[in-house]
Amino acid sequence: MTYKPTKIITLLVFGACSFANAQTNDATTPLHLMQPDYPTPYVIPQKENIKAVLDRVYNFLDKNSASKIVNATTKAEITDYKKNKEDVIFEPGAFRLTSYEWGVTYAGMLLASKATGEKYFADYSNKRIQLIADVAENIQEKNIKDKDMLKTLHPEALDFAGALCAAFIKAKKEGLKANIDPLVNNYIHFISKEQFRLKDGTLARNRPQDNTLWLDDMFMSVPALAQMGAYTGDSKYFDDAVKQVNQFSKRMFNEQKGIYMHGWVESMEVHPQFHWARANGWAVMTMVELLEVLPKNHPGYSQVLTQLQKHIAGLVQYQHGTGFWHQLLDRNDSYLETSATAIYTYSIARAINRGYVDKMTYGPAVLLGWNAVASKVNDKGQVEGTCVGTGMGFDPAFYYYRPINVFAAHGYGPVLLAGAEVILLLKDTQFQINDSAIQLKVEGKNNLHK
């Protein structure tokens, strides 16, 4: 068959038009609505889905943490504490009931109960706090063979005092009937009178070097002091709490970056700055917890609020596109870490819910953070991607290569706190997808892209 030139031109034009019509391009498709390949779900989380995550964590912890005391040799349960003359330990489990990490977990369970209305979360904490109080009150010290319980009776460091003290007072305020006062008074006495301090009263340690400040110790002390101030009405505890925040911040907060260094040694002329994520988490959570009970007419209230706002503004600059934060905040080649991400998610959500920071500005970062955290809670309820307990280092390798482990206790309380606080955020605040981005939904306004 022979084609005339005009027929060939017509066929070519028709073919080109058909190709153009079939092709995805700016003229045929609203390209701005194409779905990106997000590594973390980019969605507004639903309250029922958050609760499902919290339930998985609860079930895992309830099965894997002690809820009774047993004979140290036979492992038979002991129920009559007052008549007991046997050597005792806590029932074997995967986690310690009297560590600072579990103080955070008790607080997380209590908040999860508030947020969801489910009593079993609070029961988890109350049952174990009651157990600790009963042991302390009724078992002779010579018969206690659990070394962690003995450290609670005789704290060796802030790790065994502050977080537990704050959680016990919170449980008491929520209705727990246990006699916690002897333990609480013991914890506060240690923090106020026995823990080493610098000459200006800043809480410090003599490890790894003499006169060392650990950023972690803001959390190991200040929330307990704050809760004690509210519990007793004695302003001296508020005064000490504010002083600690101010004096830690003066030495350790990098004003340019908006984040804290992990450690500060008095004898160093130059202070190496390693901005470890979880320590920054303890710091931001400390300020949120302090403001929760600090009277607004206290002279230090505005100082703490301003410092919190500066820290949150600094932290959000370092959030990774997946929603996580890095092990070393300003080192993008360090790994993405779960416990710090959960602490930031909780703390910023709490700050929004209490009006400390703007919800329009920070709400989307919180939701992205929760979606990241939720992706690390596996089907068993284990929290993946959590850095194990960490000392202090002055070189990058120390932080870059800290192991992660699902039995790192530091991850569980923060996940419970984060999920619970995001539920509370979603109860009072609406978000929407606007032009493909998560945005605050403002009542009475319709700014949706058309």
CG of Leu417 to OG of Ser347: how many Å apart, nearest 0.5 Å?
8.0 Å

Give the C-alpha distance, both sets of side-chain angles, the deciding distance and a yes or no for side-chain contact (heavy atoms from CB on, under 4.5 Å) between Met268 and Phe394.
CA-CA 11 Å; Met268 288 181 172; Phe394 298 110; 3.8 Å; yes

Around atom NZ of Lys310, are there more than 12 heavy atoms of other residues, nucleotides or ligands at under 6.0 Å?
yes

Could you check whether any side-chain N or O of Glu156 sits under 3.5 Å from a backbone N or O of His154, counting only pairs where one atom can act as donor and the other as acceptor?
no

Does either side chain, that of His189 or that of Glu194, offer a donor lying less than 3.5 Å from an acceptor on the other one?
yes

Tell me the closest heavy-atom pair linking Thr322 and Pro39, and the distance in Å.
CG2-CG, 3.7 Å

Would you indicate whether the side-chain heavy atoms of Glu289 and Val222 approach each other to under 4.5 Å?
no

OG1 (Thr338) and CD1 (Ile343) are apart, to the nearest 0.5 Å, by 11.0 Å

Just wondering, are more than 12 heavy atoms of other shown residues or ligands nearer than 6.0 Å to CG in Asp379?
no

Do Tyr412 and Pro414 have side-chain heavy atoms sitting under 4.5 Å apart?
no

Is any side-chain N of the basic residue among Lys127 and Asp123 closer than 4.0 Å to the acidic one's carboxylate O?
no

Check: Val357 main-chain N/O paired with Thr361 side-chain donor or acceptor under 3.5 Å:
no

Could you tell me whether a side-chain N or O of Asn179 sits under 3.5 Å from a main-chain N or O of Ala133, the two making a donor and an acceptor?
no

Step by step, work out the side-chain contact (heavy atoms from CB on, under 4.5 Å) result for Lys359 and Asn353.
CA-CA 8 Å; Lys359 65 175 68 177; Asn353 287 336; over 6 Å; no

Side-chain donor-acceptor contact under 3.5 Å, His298 with Asp239
yes

With a distance cut-off below 6.0 Å to the six-membered ring centre and an angular limit of 45° from the axis, does Arg128 pair with Tyr124 as a cation-pi contact?
yes

Roughly how far, to the nearest 0.5 Å, is CG of Leu213 from CG of Leu198?
5.0 Å

Show the nearest heavy-atom pair for residues Asn206 and Asn211, with the distance to one decimal.
OD1-N, 2.9 Å

Hey, what do you get for CG (Asn59) to CG (Leu54), rounding to the nearest 0.5 Å?
11.0 Å

For side-chain contact (heavy atoms from CB on, under 4.5 Å), just list the numbers for Val43 and Ile433, CA-CA rounded to whole Å, side-chain angles, deciding distance to a tenth of an Å, and then say yes or no.
CA-CA 8 Å; Val43 296; Ile433 300 293; over 6 Å; no

Side chains of Glu337 and Ser339, donor plus acceptor under 3.5 Å:
yes

Within the structure provided, determine whether Thr212 and Glu266 are in side-chain contact (heavy-atom separation under 4.5 Å).
no

Give a yes or no on whether Lys114 atom NZ has more than 12 heavy-atom contacts from other residues, nucleotides or ligands under 6.0 Å away.
no

Are Tyr346 and Val284 packed together at the side-chain level, in the sense that at least one heavy-atom pair is separated by less than 4.5 angstrom?
no

For the residue pair His326 and His320, categorise the inter-ring angle as parallel (less than 30°), tilted (30 to 60°) or perpendicular (more than 60°).
perpendicular

Establish, yes or no, whether the cationic atom of Arg205 lies under 6.0 Å from the six-membered ring centre of Trp214 and within 45° of the ring axis.
yes

Pro45 and Leu426 have their tightest heavy-atom pair at O-CD1, 3.2 Å

Looking at Tyr356, is its backbone amide N or carbonyl O close enough to the side chain of Gln309 to form a donor-acceptor pair, meaning the two atoms are under 3.5 Å apart?
yes

Measure from the side-chain N and O atoms of Ser221 to the backbone N and O of Gly162, and report whether any donor-acceptor pair falls under 3.5 Å.
no

Tell me the closest heavy-atom pair linking Ala226 and Phe238, and the distance in Å.
O-CE2, 3.3 Å

Non-hydrogen side-chain atoms of Val245 and Thr286 separated by less than 4.5 Å:
yes

Do Asp146 and Leu97 have side chains that get closer than 4.5 Å, going by heavy atoms?
no

Pick out which of Lys173, Lys170, Lys172 makes a side chain to side chain donor-acceptor pair (under 3.5 Å) with Gln227.
Lys173

Taking all atoms of both residues into account, what is the closest heavy-atom pair of Ala409 and Phe95, and its distance?
CB-CD2, 3.9 Å

Determine whether the side chains of Thr202 and Gln247 contain a donor N or O and an acceptor N or O closer than 3.5 Å.
yes

Could you walk me through whether Arg197 and Asp240 pass the salt bridge (charged side-chain N to carboxylate O under 4.0 Å, His left out) test, one step at a time?
CA-CA 12 Å; Arg197 296 182 181 226; Asp240 195 13; 2.9 Å; yes

Are the aromatic rings of His410 and Tyr100 close, with centres under 6.0 Å apart?
yes

Under 3.5 Å, side chain of Asn185 to main-chain N/O of Ile188, donor-acceptor pair present?
no

Can you check whether Tyr318 reaches Leu328 side chain to side chain, under 4.5 Å on heavy atoms?
no

With no hydrogens and no angle check, just 3.5 Å: does a side-chain donor-acceptor pair link His311 and Asn280?
yes

Do Arg96 and Ser65 meet the criterion of a side-chain donor-acceptor pair at a distance under 3.5 Å?
no

Does Asn371 reach the main-chain N or O of Pro41 with its side chain, forming a donor-acceptor pair under 3.5 Å?
yes

Ignoring hydrogens and angles, state whether a donor on the side chain of Lys177 or Gln130 is under 3.5 Å from an acceptor on the partner side chain.
no

Once you measure the plane-to-plane angle for His262 and Trp276, does it fall in the parallel (<30°), tilted (30-60°) or perpendicular (>60°) bin?
tilted

Quick check: do Phe90 and Met149 have side-chain heavy atoms less than 4.5 Å from each other?
yes

Short side-chain to backbone donor-acceptor contact, Lys427 and Val422, under 3.5 Å
no

Between Tyr335 and Tyr400, is the ring centroid distance below 6.0 Å?
no

Interatomic spacing from NZ in Lys376 to CG in Leu336 - rounded to 0.5 Å:
8.0 Å

Just checking Phe253 against Phe248, ring centres under 6.0 Å apart?
no

Short side-chain to backbone donor-acceptor contact, Asn254 and Gly258, under 3.5 Å:
no

Rounded to the nearest 0.5 Å, how far apart are CG of Leu294 and OH of Tyr301?
7.5 Å

Start with the C-alpha gap between Trp282 and Met285, add the side-chain angles, then the distance that decides, and say whether side-chain contact (heavy atoms from CB on, under 4.5 Å) holds.
CA-CA 5 Å; Trp282 297 137; Met285 185 154 65; 3.5 Å; yes

Determine the minimum heavy-atom distance between Phe190 and Ala161, stating which atoms define it.
CD2-CB, 4.2 Å

Fit a plane to each ring of Tyr120 and Tyr58, take the angle between them on a 0 to 90° scale, and name the class: parallel (under 30°), tilted (30 to 60°) or perpendicular (over 60°).
tilted

Would you find more than 12 non-hydrogen atoms of other residues, nucleotides or ligands less than 6.0 Å from Lys63 atom NZ?
no

Please check if the distance between the ring centroids of Tyr260 and His275 is under 6.0 Å.
no

Check: Thr341 side chain, Phe324 main-chain N or O, donor-acceptor pair, under 3.5 Å:
no

Over 12 foreign heavy atoms within 6.0 Å of CD, Gln317:
yes

